[in-house]
Engineer: 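Right, I'll just put the structure down here and ask away after.
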Number of protein chains: 2
Amino acid sequence: MDRSARLASLRRIIETNKVASQDMLLKLLQDEGYIVTQATLSRDLKHLKVGKIPDGKGGYLYTYSDSANKGGSDKSLAEDFKRGYIGIDFSGNMAVVKTLPRHASTVAFAIDNLHIKEIVGTVAGDDTILILPKDGVKRQELIHSLKSRIPGFTENL
Amino acid sequence: MDRSARLASLRRIIETNKVASQDMLLKLLQDEGYIVTQATLSRDLKHLKVGKIPDGKGGYLYTYSDSANKGGSDKSLAEDFKRGYIGIDFSGNMAVVKTLPRHASTVAFAIDNLHIKEIVGTVAGDDTILILPKDGVKRQELIHSLKSRIPGFTENL
DNA sequence: CATAACATTGTAAAAATATACAGTATTATA
DNA sequence: TATAATACTGTATATTTTTACAATGTTATG
């Protein structure tokens with residue numbers, strides 16, 4: 001099942017490109033290997049609460065508005081996290097999160113946007129994320145901070 | 001000239017109602033006495049940078065996003081000004097601007113962001129704005145500075 | 001005044017977007 | 001296992017939105 005990976009790509013595409021129509025989005029998705037119909041894309045956009053607004057230069061622009069997604073965001077971020085999460089390990093002071101294939105960027109995005117104060121940032125590959133803890137944060141403190149922000153989080157499944 | 005008044009109403013309608021389609025907006029505008037075609041409405045929405053966004057409850061919603069209109073160009077700021085502006089008067093060294101109901105904050109925002117050097121700042125109520133001129137700036141100088149930055153500005157309508 | 005440039009609008013049509021419906025697959029439940 | 005409930009999708013269509021074009025009016029300019 002590819003839907004959540006597709007949604008993650010879609011979000012990234014919209015956040016990093018100026019796209020004026022669903023047809024154009026369809027092509028960009030295609031470039032990443034996702035072949036769907038316009039109908040499905042329309043549904044995906046609705047799911048992500050992506051809006052279409054005039055760009056002030058005579059055209060239109062699809063936008064992923066954080067504010068539109070703010071309400072209840074922690075909840076859906078935690079869901080994003082759990083959807084892809086497999087397990088966590090440590091290497092030196094860094095945490096290594098394993099995810100389902102292609103889910104790394106979505107999970108990392110969720111971590112970033114939960115704004116956990118013990119975490120400085122993340123780096124995501126395809127199924128692996130590096131979490132960079134703030135200076136002096138111990139492994140157990142990091143685990144605890146994740147537990148406190150992601151209901152049902154456990155160290156390993 | 002009805003257009004700017006219509007745009008003001010349109011904006012207020014959108015800010016205070018949950019509207020799902022242009023047809024619905026058309027009816028609300030009608031209720032206020034503005035009879036236009038859907039084509040004109042579409043153009044108006046483009047002008048105001050009003051977007052259509054999924055509401056998270058299965059429907060869609062027209063939204064006037066401040067952020068979309070934030071980095072307003074001088075041109076659109078001047079338009080905001082003129083859309084709400086009624087007249088200007090003086091009290092002591094301060095200028096008192098009257099606006100359409102509820103337009104004070106928009107007009108004041110426009111004045112602030114035009115960064116007129118003769119103006120220190122503004123205070124806005126609901127339909128009234130106080131402009132605080134810089135020390136030593138005379139009434140006529142203030143008027144002149146407004147004229148120079150807001151095409152078509154006149155002291156009273 | 002005449003003419004040009006610009007602004008606003010409706011009509012009609014094109015283009016873009018949303019969705020009803022049906023089909024498939026997956027998961028849950030008796 | 002059989003049945004029901006849920007999730008996801010494509011097809012075809014309906015709905016919605018945008019725009020080309022022409023008409024009208026307004027403002028600027030010679």
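Every chain is numbered from 1 and lettered A, B, ... according to where its sequence line falls, protein lines coming before strand lines. What you see is a predicted model; the values in this text were computed from it and never measured.
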Engineer: Is any side-chain N or O of Arg3(B) closer than 4.0 Å to OP1 or OP2 of dT9(C)?
Structural biologist: yes
Engineer: Can you tell me the distance, in whole Å, between the CD atom of Gln38(A) and the C1' atom of dA20(C)?
Structural biologist: 14 Å
Engineer: Is any side-chain nitrogen or oxygen of Lys46(B) closer than 4.0 Å to OP1 or OP2 of dT19(D)?
Structural biologist: yes
Engineer: What's the closest nucleotide to the Arg43(B) side chain, out of dA16(C), dT19(D), dA18(C)?
Structural biologist: dT19(D)
Engineer: Among dT17(D), dT18(D), dT17(C), which nucleotide has an atom closest to any side-chain atom of Lys52(B)?
Structural biologist: dT17(D)
Engineer: In whole angstrom, give the distance that lies between atom CD of Gln22(A) and atom P of dG10(D).
Structural biologist: 13 Å
Engineer: Would one find a side-chain N or O of Tyr62(A) under 4.0 angstrom from OP1 or OP2 of dT17(C)?
Structural biologist: yes
Engineer: Which of these, Asn93(A), Asp112(A), Val120(A), Ile111(A), sits in a side chain to side chain contact (heavy atoms under 4.5 Å, CB included) with Ile131(A)?
Structural biologist: Ile111(A)
Engineer: Take atom CG of Leu7(B) and atom C1' of dT8(C), then tell me their distance rounded to the nearest Å.
Structural biologist: 11 Å
Engineer: Whole-Å distance between dT19(C) C1' and His47(A) NE2?
Structural biologist: 17 Å
Engineer: Find the distance Asp2(A):CG to dA25(C):P and express it as a whole number of Å.
Structural biologist: 16 Å
Engineer: Among Lys49(A), Arg6(A), Arg11(A), exactly one meets salt bridge (charged side-chain N to carboxylate O under 4.0 Å, His left out) together with Asp44(A). Which residue is that?
Structural biologist: Arg6(A)
Engineer: Is the phosphate of dG10(D) approached by Thr40(A) (side-chain N or O, under 4.0 Å from OP1 or OP2)?
Structural biologist: yes
Engineer: I want to confirm an ordering. Mapping Gly58(B) and Arg6(B) to their closest nucleotides on DNA chain C, which one lands closer to the 5' end?
Structural biologist: Arg6(B)
Engineer: Can you tell me how far apart CD1 (Ile53(A)) and CG (Leu45(B)) are? Round to the nearest 0.5 Å.
Structural biologist: 12.5 Å
Engineer: Starting the side chain at C-beta, find the nucleotide from dT17(C), dT11(C), dT18(D) nearest to Tyr60(A).
Structural biologist: dT18(D)
Engineer: Can you measure Ile35(A) atom CD1 to dG10(D) atom C1' for me and round it to whole angstrom units?
Structural biologist: 14 Å
Engineer: Ser21(A) near the nucleic acid: base, sugar-phosphate alone, or nothing, with a heavy-atom cut-off under 4.0 Å?
Structural biologist: sugar-phosphate
Engineer: Could you point out which residue of Ile86(A), Asp127(A), Thr99(A) forms a side chain to side chain contact (heavy atoms under 4.5 Å, CB included) with Val107(A)?
Structural biologist: Thr99(A)
Engineer: Give the rounded distance in Å between these two atoms: CG of Asp23(A) and C1' of dT17(D).
Structural biologist: 15 Å
Engineer: Taking the six-membered ring for Trp, are Tyr64(A) and Phe109(A) parallel (under 30°), tilted (30 to 60°) or perpendicular (over 60°)?
Structural biologist: perpendicular
Engineer: dA15(C) C1' sits how many Å from Leu26(A) CG, rounded?
Structural biologist: 15 Å
Engineer: Nearest to the side chain of Ala39(B), heavy atoms from C-beta on, is which of dT19(C), dT19(D), dT9(D)?
Structural biologist: dT19(D)
Engineer: At under 4.0 Å, does any side-chain N or O of Tyr34(B) touch on OP1 or OP2 of dT8(C)?
Structural biologist: no
